[in-house]
Amino acid sequence: MGATGHLALSAAAKTRSGGRPCAAVLGEPLPALDDAGLLVHPSADFAARALVSSAQQYREMYQRSIDDPAAFWSEIAEEFYWKQRWNPDEVCSENFDVTKGPIKIEWFKGGKTNICYNAVDRNVESGNGDKVAMYWEGNEPSQDGKLTYSELLDKVCQLANYLKSVGVGKGDAVVIYLPMLMELPIAMLACARIGAVHSVVFAGFSADALAQRIVDCKPKVVITCNAVKRGLKLIPLKDIVDTSLVESAKNGVDVGICLTYENQSALNKVDTRWKPGRDVWWQDVVPNFPTKCDVEWVDAEDPLFLLYTSGSTGKPKGVLHTTGGYMVYSATTFKHAFDYKPEDVYWCTADCGWITGHSYVTYGPLLNGASVLVFEGAPNYPDPGRCWDIVDKYGVTIFYTAPTLIRSLMRDGTEYVDRYSRKSLRVLGSVGEPINPTAWRWFYDVVGDSRCPISDTWWQTETGGFMITPLPGAWPQKPGSATFPFFSVQPVIVDEKGRELEGECSGYLCIKKSWPGAFRTLYGDQDRYETTYFKPFAGYYFSGDGCSRDKDGYHWLTGRVDDVINVSGHRIGTAEVESALVSHPKCAEAAVVGIDHEVKGQGIYAFVTLVDGVPYSDDLRKSLIMTVRSQIGAFAAPDKIHWAPGLPKTRSGKIMRRILRKIASRQLDELGDTSTLAEPGVVDQLIALSDS
Ligand code: WTA
C-alpha cells in the first residue's frame, strides 16, 4: 500500500512553535557550508546584478515574510492594480488545521482586481504596448509569429467579447483543449478578463479523459483547434473533442459551443468533422468583435481556474485556484527565481495544459511584462538541436525545462548543443521531478557553459507557484537540491507520526501555514481536499513528497511517497492506469508501480492478471496498452506489462505494492518479509514470469 494510506492512520501531529524551518540558512552564515567542492556559486558579476544578491539579504526578507506575512505581501501586492483595495486586517486569514474546523485559506479579502488587466492592460498603460509579449515558434522552424502587448490586448478583448456574446459570464466554466499556439494563453486571459473560470486540458489527453473533465466542470464552451502537428505526427484534435462531446452528452452534459481555431501550422489541413449549430470556426467570428472589452472586476477570492491533476484514486482532482493571491504569488516567484530583468527573453518548454504553463508560461511572466516564447513543436524535431536553434534565434536568456528533456538531449550528444552559440542564456531552470546530479551537471556545463545558475524549482499544481527554489544570485547551489524555501513558505519534514524533524533529517514534506498561491479547494469535493492534504498530518499541508534536509539546510526532494508516479514530469495516479486496465474485458486485476527510467525519470510497470482461461499473447499486451492510451492518453501507456497469475496480497486482501516494486526493479534479494502474504507462492510465480 502507499505510504499515505499508512500515514493517514497516524494523524497525531505534534506542532512546534516558531517559524524557523531551516535553521542553517537563517542561522549560520552560508559560506561556512563549502563541502568538497559540491557547491556551485553564482559568478560575482551575476550576484552583483541580482534582485536578491546574498544569503544575508534573503535571510532578512525571508524572516520578515514569516514574522509579518501580511505586511510583506501587502507591500508586494501594492505593485498591482486593484480596483478596490483589500481589507488591511484581512490580508491573510486561514484555518490550516482540520481539528479546528474546515480548511479555509483566504488572501487579500475584500480586494477587487483582474489578473488579465494586470498581465496585459497594465503593461500597455505603462508604456510597454510595443514590447513583444509573446514570440511564437511553430512545429516547423520556418513558422513563427509574435504579438506585442497592445496586439495581445486586442486579441484577448476580441475573444472575451465573443465569449460574452454567447452567454459566457462570471463564474462560468470554459474548457480549453489547444496545443501551444498563442491562442492558448489568449484564451486563458480572455476567460480571466470576463471572470469566467478556465479549465485547460492538456491536448495529449484522450477523448475519454477530456470527457471526464467536461462532465465534472460543465463548461458553456469548449475551445479547440482542428489539428496539430508535433514533429511528423498529425493529431486531429477536433475529432478527439467531437468524440468527447458525444461522451459528455451521454453523461448529461451538453456543451453548446465548440469554438475551433483553424491551425494553419498543422499542414495537410484535415477534413474536420463538423456539427453545424454547435461548431464555430474561431477565424469566422472572433476577428469581427471589437478590440475593447470592459474588465470584470472580481473578488480576490473568486475562482480563476480549475486544473485537473492525478491523485491516488482513479478520479482526477479539480484543483481550484483563486485570483488575488495566485496573481501576486505567480508573479513574485517568477521574478525572483529567475532573477527576471526587463530585457529578458524567457522560454518555458512546459505546455499550458499543466500548472507550469499556467503559472510560468502565461501568468507569472506576463504579470512582469516579460517577453515569452511559446513553442508549438517537439524539442527534437527536426533534430535534437532544435532547442538551441530556438535559443539563438530569439536570444533566449532564461530557459526553463524538465529533467526528462535534459536527459533525452544529453543522450543525443553534445554535438547538437555545440553547433549553437547559446551565449544569450543567463539563467536555467528545472521542474517536474528531482534532477539527478549528472543531468544537472550536463545542463550547467554543456548547455549553460558553466555560466548560468540553475533554478531547480520544487512545487506542485496545488501550490500555484514555486515553494522551494534557488534564488540564483543569493546562494551557492548543490546539484540536485532545490535548496531553500521561497518567502513565507515554511517547509517541515515530519516522520510517520507527524513529528517535526530537526536538523539533518529525512521524511515527509509538509508545509506549515498558507502562502498566497495555495489552492483553495478541490472543485466540488472539499472532503477530498481535507482528507488528502490536511488530514494525514493535522496542522500541515501534506505534499505527497519525500524530502531530506542536509546539515546545511538544503532540501533534497526524493520523489512521491503516495500512489502517484511521475513520468517525464507528468503526474499519473497508479489507480488511474489500473482502472483503465481493468476496464479491458480480458483483464481481471491490475497493479501498477513506478520503476526508474533513464530518460523519463519513472516508467509505468503494470502487473496484470487475466480473466480465467485467457492465454497471454503479444496482441493482448498491445490491446491493454491501447486501452490505457484511449482512456487517459499516450503519455500514460505502460512501459511494461508483466503477466501475473496472482498478485501478492495480505490476508485482508491488500495488494503489497512494496513487493511488486522490488520485483519490477529486479531487487529480488530485497523482497523483505513475505510471511504476511495470503499466498506466498505468488511471488515465485511472478519472478518466474519476469521476462515473459
Ligand atoms: C514533482 C509540477 C523534485 C514532485 C510543477 C511534486 C519535483 C510533483 C520538482 C508535482 C523538483 C516537481 N524536484 N520533484 N524541482 N518539481 N516535482 O503537480 O513529486 O504536475 O509533488 O506540478 O512533481 O507535479 P505537478
Side-chain angles (χ1 to χ4, degrees), residues 139 176-180 184 200-213 224 227-237 239-241 243-244 307-312 314-317 348-358 361 375-381 401-409 431-433 460-461 559-560 563-581 583 590 592-606 621-641:
N139 186 55
I176 304 172
Y177 185 75
L178 280 171
M180 287 297 278
L184 175 43
V200 184
V201 179
F202 172 57
F205 275 110
S206 68
D208 285 1
L210 175 59
Q212 195 178 20
R213 286 152 177 79
T224 188
V228 61
K229 256 192 112 183
R230 273 182 70 80
L232 294 169
K233 198 165 166 220
L234 186 77
I235 307 157
L237 287 190
D239 287 1
I240 297 173
V241 174
T243 310
S244 79
L307 183 58
Y308 289 85
T309 190
S310 294
S312 44
K315 191 172 174 275
K317 307 180 277 199
C348 165
T349 62
D351 192 289
C352 286
W354 308 108
I355 189 69
T356 308
H358 282 63
V361 173
F375 175 44
E376 184 196 17
N380 52 4
Y381 174 80
T401 192
T404 182
L405 179 67
I406 299 165
R407 286 190 298 263
S408 114
L409 296 177
V431 63
E433 52 173 313
Q460 309 177 294
T461 306
R560 302 287 306 193
D563 296 325
V564 171
I565 46 187
N566 202 322
V567 180
S568 302
H570 299 155
R571 245 167 95 165
I572 299 169
T574 51
E576 275 174 87
V577 182
E578 286 162 6
S579 79
L581 287 167
S583 73
V592 167
V593 296
I595 44 159
D596 288 348
H597 188 287
E598 209 185 319
V599 173
K600 297 197 276 189
Q602 280 191 295
I604 300 179
Y605 195 110
R621 206 187 290 267
K622 282 185 200 134
S623 146
L624 285 161
I625 291 174
M626 268 319 293
T627 304
V628 179
R629 291 171 77 103
S630 78
Q631 290 199 14
I632 307 176
F635 64 91
D639 296 275
K640 165 91 183 168
I641 302 267

Distance (rounded to the nearest 0.5 Å) between [X] [atom1] and [Y] [atom2]:
X: I604; Y: L581; atom1: CD1; atom2: CG; value: 9.5 Å
X: Y308; Y: R213; atom1: OH; atom2: CZ; value: 8.0 Å
X: Y177; Y: T224; atom1: OH; atom2: OG1; value: 7.0 Å
X: K315; Y: Q212; atom1: NZ; atom2: CD; value: 7.5 Å
X: D351; Y: H358; atom1: CG; atom2: NE2; value: 10.0 Å
X: H597; Y: Q602; atom1: NE2; atom2: CD; value: 11.0 Å

Could you walk me through whether D639 and K600 pass the side chain to side chain contact (heavy atoms under 4.5 Å, CB included) check? CA-CA 11 Å; D639 296 275; K600 297 197 276 189; 2.5 Å; yes
Output, in order, the C-alpha distance, side-chain angles, deciding distance and verdict of side chain to side chain contact (heavy atoms under 4.5 Å, CB included) for I176 and L184. CA-CA 8 Å; I176 304 172; L184 175 43; 3.5 Å; yes
Look at the side chain of [X] and the backbone N and O of [Y], then say whether any donor-acceptor pair between them is shorter than 3.5 Å.
X: T461; Y: I355; result: no
X: N566; Y: R571; result: no
X: T404; Y: V599; result: yes
X: R230; Y: G377; result: yes
X: R621; Y: I641; result: yes

Nearest non-hydrogen partners of [X] and [Y], listed with the distance:
X: P316; Y: E576; answer: CG-OE1, 4.4 Å
X: A227; Y: L234; answer: CB-CD1, 4.3 Å
X: L210; Y: S244; answer: CD2-OG, 3.3 Å
X: G573; Y: S310; answer: N-CB, 3.4 Å
X: S206; Y: S630; answer: OG-O, 2.7 Å
X: G353; Y: L307; answer: O-CD1, 3.6 Å

Can you find a heavy atom in the side chain of F205 that is under 4.5 Å from one in the side chain of I632?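 They are in side-chain contact.
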For a 4.5 angstrom cut-off between non-hydrogen side-chain atoms, does T356 reach C348? yes
Would you please classify the geometry between the F202 ring and the W354 ring as parallel, tilted or perpendicular, with 30° and 60° separating the classes? tilted
Start with the C-alpha distance between M180 and V361, add both sets of side-chain angles, then the distance that settles side chain to side chain contact (heavy atoms under 4.5 Å, CB included), and finish with yes or no. CA-CA 10 Å; M180 287 297 278; V361 173; 4.1 Å; yes
With side chain to side chain contact (heavy atoms under 4.5 Å, CB included) as the test, would you mind laying out the steps for T349 and F375 before giving the verdict? CA-CA 7 Å; T349 62; F375 175 44; 5.9 Å; no
